[in-house]
Amino acid sequence: MEILGVSGSPTSPSRTFSLVEQAVEFARHASPSEKIQATLINLGDLNVQFCDGRDPKDYEGDTKFIIDKVCSCDGLIVGTPMYRGSCTAMLKNMFDLIPNDALLGKPVGLIATGGSDHHFLAIEHQLKPLIGFFHGHAIPGAVYANNSHFQEGRLMDDGIIARLQQLGESVVNFAAMVAAAGKSNLGADRPEIKRK
């Protein structure tokens, strides 16, 4: 099983990256009987092209790398800082680049950070519908952390840490159920989205 963690923060190091990293570590150790490969990517470290409408297969370099990683993973943990009530442009660009079936049936754990709780509902109103568009499954229990949960850049809130563990483990458990059910059963009755 391959779990992919993606931080959509443009800065490095970042609080968002640290939360995604912790959730991915919890996912890596979630099942003693399952061999779990976990990869962590910070989009700010890559040179990803802006989506220009071409077929996802036609991109190269870092852009092809991130598309391929999202398509090949069994589960995804995504984190973003919230700016003006929205995810970062680089994270939205990643979703614009991937094929329409890239998240079909896959569990996606969502993490967001913000200066205060002002942007908390952006997870519900922006990120979850985006995952739904791709016929992915946004895992219940998304994690939101604000500045008060950190001291000197480190997450210090036990409740947030516990929720990151629950999120990471839930992504693994859901991915295992999807694998057991067989991917051919996923989304058979979904409407087809065709490119022009």
Subject >> Donor-acceptor contact below 3.5 Å, side chain Asn93 vs main chain Cys51 >> reply: yes
**OP:** Examine the side chains of Asn47 and Asp62 and answer whether a donor and an acceptor come within less than 3.5 Å of each other.
**Re:** no
Subject >> Contact check, side chains of His137 and Phe174, non-hydrogen atoms, under 4.5 Å >> reply: yes
Original post:
Hey, does Ile77 have a side-chain heavy atom less than 4.5 Å from the side chain of Leu4?
Top reply: no
Original post:
Does Ser7 use its side chain to pair, donor to acceptor, with the backbone of Gly79 at less than 3.5 Å?
Top reply: no
Original post:
For Gln165, does the CD atom sit with more than 12 other heavy atoms under 6.0 Å from it, leaving out its own atoms?
Top reply: yes
Original post:
Which distance, rounded to the nearest 0.5 Å, do you find between the OG of Ser31 and the CG of Asn173?
Top reply: 7.0 Å
**OP:** Taking the side chain as every heavy atom from C-beta outward, state whether Ile111 and Leu167 have any atom pair closer than 4.5 Å.
**Re:** yes
Original post:
Which heavy atom in Gln49 sits nearest to a heavy atom in Tyr59, and how many Å separate them?
Top reply: OE1-CD2, 3.6 Å
**OP:** Indicate yes or no for a side-chain donor-acceptor contact from Asp101 to the backbone of Leu104 under 3.5 Å, with no hydrogens or angles considered.
**Re:** no
Original post:
Roughly how far, to the nearest 0.5 Å, is the OG atom of Ser9 from the CG atom of Asp45?
Top reply: 9.5 Å
**OP:** Looking only at non-hydrogen atoms, find the nearest pair between Glu124 and Pro129 and report the distance.
**Re:** O-CD, 3.2 Å
**OP:** With rounding to the nearest 0.5 Å, note down the distance linking CG in Asp68 to NZ in Lys57.
**Re:** 11.5 Å
**OP:** Using modelled atom types only, decide if a donor and an acceptor are shared between the side chain of Asp74 and the backbone of Glu2 within a distance under 3.5 Å.
**Re:** yes
Original post:
When rounded to the nearest 0.5 angstrom, what is the spacing between CG in Leu103 and NE2 in His135?
Top reply: 10.5 Å
Under 3.5 Å, which donor-acceptor pairs do the side chains of residues 17-25 form with other protein atoms, sequence neighbours left out?
unit_1 : atom_1 : unit_2 : atom_2 : d
Ser18  : OG     : Arg15  : O      : 2.7
Glu25  : OE1    : His29  : NE2    : 3.4
Glu25  : OE2    : Arg28  : NE     : 2.8
Glu25  : OE2    : Arg28  : NH2    : 2.8

Original post:
Does Cys87 offer a backbone N or O that forms a donor-acceptor pair with the side chain of Gln126 under 3.5 Å?
Top reply: yes
**OP:** Hey, could you give me the CG/OG1 distance between Leu110 and Thr80, rounded to the nearest 0.5 Å?
**Re:** 10.0 Å
**OP:** Walk me through it: do Met94 and Val48 pass the test side-chain contact (heavy atoms from CB on, under 4.5 Å)?
**Re:** CA-CA 8 Å; Met94 182 192 82; Val48 178; over 6 Å; no
Original post:
Sequence neighbours excluded, which residues qualify as ring-ring contact (aromatic ring centres under 6.0 Å, His included) partners of Tyr144?
Top reply: Phe120
Original post:
CD1 of Ile139 to NZ of Lys106: how many Å apart, nearest 0.5 Å?
Top reply: 13.5 Å
**OP:** Compare all side-chain heavy atoms of Lys69 with those of Phe65 and state whether any distance is below 4.5 angstrom.
**Re:** yes
